[in-house]
Engineer: 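Okay, here's the structure, questions in a sec.
Position 1 is the first residue of the sequence, and the numbers go up from there.
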Amino acid sequence: LLALVASIAFTGQALAAKSPSPTLNRILERGSMIVGMAGDMPPLNMTNKDGIVVGMEPDLAGYMAEAMGVKLQIETMPFGDLLGALERGEIDMVMSGMTITPSRNLKFAYVGPYFVSGKCVLTKEETLAGAEEAGDLNTEGRKLTALKGSTSEKFISALIPNASYVPVAGYND
């Protein structure tokens with residue numbers, strides 16, 4: 001994280017003239033960086049009782065904006081809507097636990113991972129908690145959920161096709 005912030009701070013002053021990136025130019029001309037987040041993905045980002053988005057990603061985005069000399073504006077939206085908003089130019093970047101995948105990387109530029117995680121199952125059932133591989137969950141009548149548009153959704157459809165899948169827009173759902 002320090003290397004990322006330092007590299008932005010170092011290059012931020014050089015960006016003041018003109019950047020070869022239309023997105024960076026838009027941010028600098030506007031004087032603010034608009035970052036899309038779900039706002040309900042603790043500890044990465046979550047909305048507190050005062051309606052303020054807090055967590056590791058808002059902090060990191062704030063450091064980046066500060067290094068660039070611009071204000072930070074966080075836009076919350078359902079996880080599944082983030083890449084569409086980025087593609088339409090409604091936001092300048094996504095910071096919401098977005099996994100780097102080959103298909104996403106064909107359309108969007110990633111600066112590299114700033115957080116590494118894996119897949120897990122959250123359950124109250126002891127039998128599910130004992131699952132050692134995806135195939136252990138691949139039974140008819142099993143109901144699973146994941147964020148719409150997430151890599152977990154793709155994981156379920158590819159490796160657990162016999163289970164019934166219920167997509168949700170956010171973690172609170």
Side-chain angles (χ1 to χ4, degrees), residues 1-16 18-122 145-156 167-173:
L1 290 177
L2 289 174
L4 176 63
V5 172
S7 69
I8 290 170
F10 181 71
T11 58
Q13 295 165 1
L15 294 173
K18 227 16 172 173
S19 165
S21 165
T23 302
L24 285 176
N25 288 333
R26 183 175 66 225
I27 292 168
L28 294 170
E29 288 169 10
R30 185 187 323 116
S32 67
M33 180 174 68
I34 305 171
V35 180
M37 296 182 190
D40 65 355
M41 301 177 72
L44 299 177
N45 64 74
M46 62 210 108
T47 306
N48 69 17
K49 64 181 179 176
D50 297 322
I52 299 168
V53 182
V54 297
M56 186 186 102
E57 291 171 329
D59 289 349
L60 181 58
Y63 296 137
M64 293 170 67
E66 183 180 335
M68 293 172 65
V70 298
K71 293 180 181 174
L72 172 63
Q73 180 182 339
I74 296 175
E75 292 291 329
T76 59
M77 61 190 72
F79 182 85
D81 294 345
L82 289 166
L83 289 178
L86 181 62
E87 196 166 31
R88 291 186 299 277
E90 296 167 7
I91 57 177
D92 300 314
M93 75 170 68
V94 170
M95 291 185 83
S96 205
M98 185 69 62
T99 302
I100 301 170
T101 66
S103 60
R104 287 177 180 161
N105 207 26
L106 288 173
K107 295 175 95 176
F108 307 101
Y110 285 86
V111 297
Y114 55 87
F115 183 80
V116 178
S117 69
K119 301 287 178 218
C120 70
V121 175
L122 180 62
T145 189
L147 287 175
K148 182 179 180 187
S150 69
T151 54
S152 295
E153 179 180 61
K154 288 180 171 65
F155 181 85
I156 291 169
V168 294
Y171 281 125
N172 291 332
D173 298 336

Engineer: What's the spacing between L82 CG and I91 CD1 if we round to 0.5 Å?
Structural biologist: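 Answer for the CG-CD1 pair, L82 versus I91, is 5.5 Å.
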
Engineer: Where do S96 and N45 come nearest, in terms of heavy atoms and distance?
Structural biologist: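 Minimum heavy-atom contact is OG-ND2, 3.3 Å.
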
Engineer: Rounded to the nearest 0.5 Å, what's the gap from CE on M56 to CE on M95? Could you check?
Structural biologist: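 Reported to 0.5 Å precision, the distance equals 6.5 Å.
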
Engineer: Mind checking salt bridge (charged side-chain N to carboxylate O under 4.0 Å, His left out) for R26 and listing every partner two or more places apart, or none if nothing turns up?
Structural biologist: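 D92.
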
Engineer: Could you give me the CA-CA distance, side-chain angles and deciding distance for E87 and K107, then say whether side chain to side chain contact (heavy atoms under 4.5 Å, CB included) is met?
Structural biologist: CA-CA 8 Å; E87 196 166 31; K107 295 175 95 176; 3.1 Å; yes

Engineer: Of all heavy-atom pairs between P167 and T145, which one has the smallest distance, and what is that distance?
Structural biologist: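 Here P167 and T145 meet closest at C-OG1, 4.3 Å.
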
Engineer: Between the main-chain N or O of S32 and the side-chain N or O of R30, is there a donor-acceptor pair closer than 3.5 Å?
Structural biologist: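 Answer holds: yes.
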
Engineer: Side chains of K71 and Q73: does their closest heavy-atom pair fall under 4.5 Å?
Structural biologist: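 No, too far: nothing below the 4.5 Å cut-off.
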
Engineer: Between K148 and F79, which heavy-atom pair has the shortest distance, and what is it?
Structural biologist: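 Closest heavy-atom pair between K148 and F79: O-CD2, 3.7 Å.
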
Engineer: Looking only at non-hydrogen atoms, find the nearest pair between K119 and S152 and report the distance.
Structural biologist: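 Looking at all heavy atoms of both residues, the shortest contact is NZ-OG, 3.1 Å.
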
Engineer: Measure the spacing between CD1 of I27 and CE of M68 and express it to the nearest 0.5 Å.
Structural biologist: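 One gets 4.5 Å once the value is rounded to the nearest 0.5 Å.
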
Engineer: Any chance you could measure F155, atom CZ, to T99, atom OG1, to the nearest 0.5 Å?
Structural biologist: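 So the CZ of F155 and the OG1 of T99 are separated by 12.0 Å.
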
Engineer: Any side-chain heavy atom of M41 within less than 4.5 Å of one from L147?
Structural biologist: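 In short, these two side chains touch, coming nearer than 4.5 Å.
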
Engineer: Between I74 and E57, is there a side-chain heavy-atom distance shorter than 4.5 Å?
Structural biologist: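 The answer is no; the side chains never approach within 4.5 Å.
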
Engineer: Between I156 and A146, what is the shortest heavy-atom contact and its length?
Structural biologist: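 It is CD1-CB, 3.9 Å.
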
Engineer: Determine, step by step, whether M46 and V54 satisfy the side chain to side chain contact (heavy atoms under 4.5 Å, CB included) criterion, reporting the C-alpha distance in whole Å, the side-chain angles of both residues, the deciding distance to 0.1 Å, and the verdict.
Structural biologist: CA-CA 5 Å; M46 62 210 108; V54 297; 3.8 Å; yes

Engineer: Taking everything shown except L106 itself, do over 12 heavy atoms lie less than 6.0 Å from its CG?
Structural biologist: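 Yes, enclosed.
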
Engineer: Taking all non-hydrogen atoms of both residues, which atom of L83 and which atom of F108 are closest, and how far apart?
Structural biologist: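 For L83 and F108, the tightest heavy-atom pair comes out as O-CZ, 3.7 Å.
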
Engineer: Test your reading of the model: is there a side-chain donor-acceptor pair from N48 to the backbone of D50, 3.5 Å cut-off?
Structural biologist: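 Checking the backbone N and O of D50 against the side chain of N48, a donor-acceptor pair under 3.5 Å is found.
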
Engineer: In Å, rounded to the nearest 0.5 Å, how long is the span from CG of L72 to CG of L60?
Structural biologist: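 That separation rounds to 10.0 Å.
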
Engineer: Going from CZ on F115 to CE on M98, what distance comes out if it is rounded to the nearest 0.5 angstrom?
Structural biologist: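 Separation between the atoms: 14.5 Å.
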
